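Below you'll find the structure, written out as C-alpha cells, and then a few comments.
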Protein chains: 2
Amino acid sequence: MSMDFAPPKYAQVMRAIQERIESGEYAPGDMLPSETQLVRELGVGRTTVVRALQTLAMQGWIEREHGRGSFVKGRPESEAENVRPGLTAAEQGESADSLIEVTRVPASRHVARLLGVAERTPVIVRKRVARQADLVSAVETVWIPLEIAVGTDLEKAEPLRGGIRRHLQAVKHLRFDHITERLSARKPTKDEADLLGSSNPVLGVTATVHDPAGNVLLAMSLVLPGSLHELEDVYKVR
Amino acid sequence: MSMDFAPPKYAQVMRAIQERIESGEYAPGDMLPSETQLVRELGVGRTTVVRALQTLAMQGWIEREHGRGSFVKGRPESEAENVRPGLTAAEQGESADSLIEVTRVPASRHVARLLGVAERTPVIVRKRVARQADLVSAVETVWIPLEIAVGTDLEKAEPLRGGIRRHLQAVKHLRFDHITERLSARKPTKDEADLLGSSNPVLGVTATVHDPAGNVLLAMSLVLPGSLHELEDVYKVR
DNA sequence: CTCAACCACTTGTGCGGACGAGTGGCGACT
DNA sequence: AGTCGCCACTCGTCCGCACAAGTGGTTGAG
C-alpha cells in the first residue's frame with residue numbers, strides 16, 4: 001500500500017506562484033493576478049489563496065498593498081545562505097583521517113559554564129579537523145555531557161559518518177532547536193597553530209546547542225583560520 | 001474627530017495569550033486552552049483563534065502538536081538580541097570627538113567592488129571611532145557613492161547626530177532593506193592599532209547596505225578588538 | 001490479562017460568504 | 001479646467017461550518 005501524501009493546497013498554490021516567479025512569467029514589479037482571479041484559475045477557495053499569498057509575503061517573495069494588489073519582489077535571498085559554523089560542524093560527517101581524539105575529561109571551568117554542569121564533571125570530548133582541498137580549514141572540539149552521550153556512539157573513537165546531529169536524533173530522539181554562537185578574534189594556541197599550519201590570527205567560535213526547552217545538549221569550540229571572508233551573514237533590516 | 005484604530009482581533013488574541021505567558025499564568029510546558037475553549041472564552045471565531053495561534057507558533061512562543069494541543073515554549077529569544085555590527089554602526093549617532101575625517105577619494109579596487117561602481121570613481125569616506133567607557137571599541141569606515149550622498153549632509157565634516165540611516169531616510173527617503181556582512185580575523189594595520197591602542201588580533205567586518213531592489217547604498221568596514229565575546233548570534237535550527 | 005475497536009478530544013486544512021477599507025478611473029457637475 | 005462623488009476593483013479581516021487526521025483513554029471481546 002503506497003500511502004503518498006499530497007501537500008496541502010495552500011502549499012501547492014505557493015509552489016505554483018514561486019515557479020512562475022522563477023521562470024520569469026511573473027517578473028519583479030509585476031502585479032500578480034488578483035485573489036479572485038487566482039481562485040478561478042486554480043480552482044480553490046479564497047481562504048486558500050489568501051493564506052498562500054500572505055505566507056509568500058512573509059517570506060519576502062511578494063509585497064501586498066491594500067487596495068492595489070500583490071506585487072512580485074523576486075526570490076528572497078534565503079537566510080539559509082548564511083554561514084552557520086556551529087550547525088555545519090554538528091551536521092558534518094566525520095572521517096577516519098579527520099578525527100583526532102575522543103576522550104573523557106573533567107569539565108574545565110569554561111566548559112562547565114557552557115554546559116551548565118558542575119566544574120570537573122566528566123564530559124566527552126571529540127576533537128577533529130575539517131579539511132578543504134587538503135588544507136585544514138577548521139579545528140573543532142565538541143564537549144558532550146555524559147548523560148547526553150550515554151547509549152550513543154559519541155564516546156567511541158570511531159568516526160560518526162552521519163554527523164553528531166543525525167546520530168543524536170536517530171539514537172535518542174534529541175532535537176536540536178537553536179544554537180548560540182559567540183565569536184572572537186585571537187592568536188591561535190600552539191596546538192592550534194600546528195594543526196592549522198600557521199600562526200596568523202584565527203576566528204574563535206564558541207557554540208552551544210540547545211533543545212526546545214533551552215537545555216544545553218552540547219558545546220563546541222571552532223577555530224577557523226582568519227584569512228578573509230570566512231563568515232558571511234545577510235539579514236533584513238526591520 | 002478622533003479616529004482611533006482597533007488592532008485586528010487576531011492580534012488582540014495574540015496579545016492576550018502573550019500576556020498570560022509573560023505573567024506566568026501559562027507556564028512553559030503547559031498546554032494552552034484548546035482552540036474551541038479560546039473561541040468560547042474570547043468570543044471570536046475559530047479562524048481568528050487559529051490564525052493567532054499559528055502566528056504565535058511561527059514566532060516561537062508556543063508549539064502546536066496535531067491531535068494533542070498547543071504548548072507554551074516561553075517568550076522567544078528575539079533574534080533582535082543578535083549583534084548586528086553593520087546595522088548598529090549605520091544607526092549610531094556621531095559625536096564631535098568620535099568623527100575622525102570626512103573626505104572624498106577615488107574608490108579603491110576593493111571599495112569599488114563593494115559599491116558596484118567603477119574603480120577610481122570618487123566616493124565619500126566617513127571615518128570614526130566608537131567608544132565604550134573611554135576605550136575605543138571599534139574603528140568604522142563608511143564609503144558612500146556620490147549619487148547617494150548628493151543633497152545630504154554626508155559629505156559635511158560635521159557629526160550626524162541621528163546616525164546615517166536616519167539621515168538618508170529623512171532627507172532622501174532611502175530605505176534600508178538588508179545588510180550583508182563578511183567577517184574575518186586579522187592583525188590590525190598600524191593605523192588601526194594606534195587607534196585601538198593594541199596590536200592584538202581584530203575582527204574585521206565588511207558590510208554593504210542594500211535597498212529593497214538590491215542596490216548598494218553604502219559600504220562599511222568595522223574593526224573590532226578581538227578580545228572575547230564580541231559578537232553573539234542565536235539562530236533556530238530548521 | 002491483552003489487545004483491538006471505539007470514542008472524545010485535539011489540531012490541520014478547506015470552503016463560501018460577508019463586510020470593511022484603500023485605490024484609481026470615469027463622468028457629471030461646477 | 002478643476003473638482004467632487006460614484007463605482008469597480010483590490011486586499012484585510014472575520015465568521016461558521018465541514019471534514020480529515022492524530023492522540024489518548026475507555027471499553028469490551030477474546
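Bear in mind the structure is a predicted one, so any value in this text is a computation, not a measurement. Each chain gets a letter, A, B and so on, in the order its sequence line appears, and its residues count up from 1.
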Check: Which nucleotide in the list D/dC11, C/dG14, D/dC14 gets nearest to the side chain of A/Arg64?
Finding: D/dC11
Check: Per the side-chain contact (heavy atoms from CB on, under 4.5 Å) rule, which among B/Tyr26, B/Phe71, B/Trp61 passes with B/Leu32?
Finding: B/Tyr26
Rounding to a whole Å, what distance do you find between [X]:[atom1] and [N]:[atom2]?
{"X": "A/Leu38", "N": "C/dG14", "atom1": "CG", "atom2": "C1'", "answer": "17 Å"}
{"X": "A/Arg40", "N": "C/dC15", "atom1": "CZ", "atom2": "C1'", "answer": "17 Å"}
{"X": "A/Leu42", "N": "C/dT13", "atom1": "CG", "atom2": "C1'", "answer": "17 Å"}

Checklist line | A/Tyr10 side-chain N/O to C/dG14 phosphate OP1/OP2 under 4.0 Å | finding: no
Check: Does a side-chain N or O from B/Lys9 land closer than 4.0 Å to OP1 or OP2 of D/dG12, or not?
Finding: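 B/Lys9 to D/dG12 OP1/OP2: no side-chain N or O under 4.0 Å.
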Check: Do B/Thr55 side-chain atoms and B/Arg51 backbone N/O form a donor-acceptor pair below 3.5 Å?
Finding: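 The answer is yes, because a donor-acceptor pair under 3.5 Å joins these two groups.
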Notebook entry, point to check: For B/Glu94, does its backbone N or O pair with a side-chain atom of B/Ser98 as donor and acceptor, under 3.5 Å?
Noted result: no
Next item on the list: Would you indicate what B/Thr48 reaches in the nucleic acid, counting non-hydrogen atoms under 4.0 angstrom: base, sugar-phosphate, or nothing?
Entry: sugar-phosphate
Check: Considering only heavy atoms and no angle criterion, is a donor-acceptor pair shorter than 3.5 Å present between the side chain of A/Arg46 and the base of D/dG12?
Finding: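 Present.
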Checklist line | Within residues 50-63 of chain B, residues whose heavy atoms come under 4.0 Å of DNA chain D | finding: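 Of all residues in residues 50-63 of chain B, the ones placing a heavy atom under 4.0 Å from DNA chain D are B/Arg51.
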Next item on the list: Scan residues 111-122 of chain A for pairs that pass salt bridge (charged side-chain N to carboxylate O under 4.0 Å, His left out), counting only residues two or more places apart or in two chains.
Entry: A/Arg109-A/Glu119
I'd like a list of close polar pairs between nucleotides 4-10 of chain D and the protein, N/O only, cut-off under 3.5 Å.
unit_1, atom_1, unit_2, atom_2, d
D/dT10, OP1, A/Ser34, OG, 3.1

Note to self: We want to know whether B/Arg182 and B/Thr206 form a side-chain donor-acceptor pair, criterion being a heavy-atom distance below 3.5 angstrom.
What the structure shows: no
Margin query: Out of the candidates B/Gln59, B/Gln18, B/Glu22, only one should pair with B/Arg75 under the side-chain hydrogen bond (donor to acceptor under 3.5 Å, both in side chains) rule; please name it.
Written below: B/Glu22
Notebook entry, point to check: Is the B/His178 ring parallel, tilted or perpendicular to the B/His210 ring (thresholds 30°, 60°)?
Noted result: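 Aromatic pair B/His178/B/His210 classed parallel.
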Notebook entry, point to check: What distance do A/Leu218 atom CG and A/Thr208 atom OG1 have between them, rounded to the nearest 0.5 Å?
Noted result: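 A/Leu218 CG to A/Thr208 OG1: 9.0 Å, rounded to 0.5 Å.
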Next item on the list: Would you name the heavy atoms of A/Glu181 and A/Leu87 that are closest together and state the gap between them?
Entry: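 Closest approach of A/Glu181 to A/Leu87, heavy atoms only: OE2-N, 4.3 Å.
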